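First up is the structure itself, then whatever we jot down about it.
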Protein chains: 2
Amino acid sequence: MPAKPASRTRSRPPAPRRPAPARPGAGPRGSKGAHDIVEKLRVRIAQQQIAPGAKLRETDLAAEFKVSRARIREAIASLESRGLVQRIPNRGAVVMRLDLSQVFYIYDLREVLEGLAARLATQNEPPESWREDLDRHRGPMKALVERGDLDEYIEHYEQLRRRLIEAARNPVLAEMLDTIYEKTQVLIRRIIILPGRAEVGRQQHVAMLEAMCRGDAEEAERLRRASLRSAKSALERYQRYIL
Amino acid sequence: MPAKPASRTRSRPPAPRRPAPARPGAGPRGSKGAHDIVEKLRVRIAQQQIAPGAKLRETDLAAEFKVSRARIREAIASLESRGLVQRIPNRGAVVMRLDLSQVFYIYDLREVLEGLAARLATQNEPPESWREDLDRHRGPMKALVERGDLDEYIEHYEQLRRRLIEAARNPVLAEMLDTIYEKTQVLIRRIIILPGRAEVGRQQHVAMLEAMCRGDAEEAERLRRASLRSAKSALERYQRYIL
DNA sequence: GTCAACACTTATGTTTACAAATTCGTTGAC
DNA sequence: GTCAACGAATTTGTAAACATAAGTGTTGAC
């Protein structure tokens, strides 16, 4: 290896800097990560703002989010990995339709996963910390059902559900529950508003919360699982109206 | 809207076709779907052929798989969605390291999910169909443990596990188990080869298979769950040697 | 020896252009 | 009216080019 030429000195003046001709559009890296886009699309798909069967057009989404098509393609790849869309070569991506068998598969999973969440939450939090939820489900939630104010009922139920998942402190579990929840969110709401369903559910949540206030994690899990099986039964009975 | 001019006739000869100047590389659509690439990378990551912490370089992978960089980026987006890699803006993607807390989260999930698989498998298949597995775990598997032939033991254990998942007939469950299995595959093997662990596991599988041969789905689930908790305990005890 | 500054190299993120595949609208035959 | 053929329009998949950010190696100061 030939010796290097004598060293350059640090004090040499910097070469004059000529501005490169600007290439239109090639500016600083965009501030919108692909995650944000994935997240937003997930929510819209979950809430059926983008309907099942609907086609996702790359160019439209790129324009809407003001990002490159390449980024949209990556986001769509992520959504496909989550089972929210199906990509067909040369034809694009469509939002998955959930067929009935899929729903039942998901309900079996919800049973064990949400049961696990209830158990872990009971183990992780002091029993008295569930008192307020219990009181709410005994009193104000009962009144909501009687008044038929199901929107607010659902809101509180979903708060409880989220609280359980957070208290479970298992991020892998939380992620899995997210993955299935976003596929079934609209459906879960439809089940809750079935005749009599909200009151049955409320009573089941009361029983579970009572077990949690006793610190009985196994029982909380058992009751939460039973509650999900009960919801699955309601689905079986009313499936023709729901899907 | 103005009337269209008189119709063209079908019998007009086709215009002479001039071949477009070939653009290097822009040929027919590649035959390798992004799925294949994702699948291959998943397996390699699961088996630690690509080590945790290792960097995935787009250009290298594009050259290796003979596809465009864009496709590799989409594959990496999918892998990230599955939690197998972490992408860092402007720095690339690295294979996730599994820290200890993650492992325990996963074990809690494995407990309930593999328990569910055992239950569904018991419900779905006639009891006598598990006889052969039971006989194998009673006899030949015991001999493998005694001889210390743990490679073959693990192979048969994994066959049983796969059989349970298939018999569960719940594709959403299978997908979830895949997702966590690919993160823990090497670790599971390490647990099995811990001192005495294989024989304990074998006995647990025998008990579960006995319940399945009786058609007792709840008991099969309970025993499978207990077996996973037992594996988690071994992990807790020997964690310093395993990770 | 360490460490900071700097230049160069490399890899990632984006844009542009284009080929290939699919979709859509029109037209003519029946 | 339906249906097939065909051309035009649109969308998807890819390659190349380029901007930007980060990594790496060298050099000089201490």
Side-chain angles (χ1 to χ4, degrees), chain A residues 1 3-37 54-63 65-77 80 85-94, chain B residues 1-15 17-37 54-63 65-77 80 85-94:
Chain A
M1 168 141 7
K4 299 279 188 178
S7 62
R8 303 167 294 181
T9 143
R10 163 175 257 116
S11 60
R12 183 161 42 163
R17 202 180 263 277
R18 293 170 44 204
R23 183 193 194 201
R29 304 294 171 89
S31 59
K32 272 201 182 59
H35 292 167
D36 291 346
I37 294 167
K55 189 160 180 192
L56 301 190
R57 300 209 320 151
E58 296 172 6
T59 46
D60 287 355
L61 291 172
F65 288 104
K66 296 185 165 62
V67 296
S68 67
R69 245 183 78 217
R71 191 177 298 178
I72 295 296
R73 290 177 66 81
E74 287 173 36
I76 289 173
E80 192 185 28
V85 305
Q86 177 174 17
R87 282 177 113 178
I88 302 155
N90 297 309
R91 298 174 69 170
V94 296
Chain B
M1 169 146 352
K4 297 281 185 176
S7 61
R8 305 166 293 182
T9 143
R10 163 175 257 113
S11 60
R12 184 162 38 162
R17 202 179 265 277
R18 293 169 44 204
R23 182 194 194 200
R29 304 293 172 91
S31 58
K32 274 201 179 65
H35 292 168
D36 290 346
I37 294 166
K55 190 159 176 186
L56 301 189
R57 303 207 323 147
E58 298 172 6
T59 44
D60 288 354
L61 291 171
F65 287 103
K66 296 185 166 61
V67 295
S68 66
R69 244 182 81 215
R71 190 177 300 178
I72 295 297
R73 291 179 63 82
E74 289 173 33
I76 289 173
E80 192 185 28
V85 306
Q86 178 176 17
R87 280 175 115 178
I88 302 156
N90 298 310
R91 299 174 67 172
V94 297

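None of the values given here were measured: they were computed from a predicted structure. Chain naming here is simple, since letters A, B, ... match the order of the sequence lines and numbering starts at 1 in each.
Rounded to an integer number of Å, the gap from A:Ile76 CD1 to D:dG13 C1' is 12 Å. Atoms CG (B:Asn90) and P (D:dG23) sit 9 Å apart, rounded to a whole Å. Rounding to whole angstrom units, CD of residue A:Glu74 and P of D:dT12 are separated by 16 Å. Rounded to a whole Å, the CD atom of A:Glu58 is 16 Å from the P atom of C:dA21.
In terms of position on DNA chain D, the residue among B:Lys55 and B:Arg69 whose nearest nucleotide sits closer to the 5' end is B:Arg69.
When every heavy atom of B:Arg87 is checked against every heavy atom of B:Ile76, the shortest pair comes out as NE-CG2, 3.5 Å. A:Ala77 approaches B:Ala77 most closely through the heavy-atom pair CB-CB, 4.5 Å. Of all heavy-atom pairs spanning A:Val94 and A:Lys55, the tightest one is CG1-CA, 4.1 Å.
Between B:Ser68 and D:dG13 there is no side-chain N or O to OP1 or OP2 distance below 4.0 Å. Residue A:Arg73 places at least one side-chain N or O closer than 4.0 Å to OP1 or OP2 of D:dG13.
Taking only distance into account, the side chain of A:Arg87 never meets the base of D:dG13 through a donor-acceptor pair shorter than 3.5 Å. You won't find any donor-acceptor pair under 3.5 Å spanning the side chain of B:Arg91 and the base of C:dG13, going by distance alone.
A:Leu56 comes within 4.0 angstrom of the backbone, heavy atoms only, and of no base.
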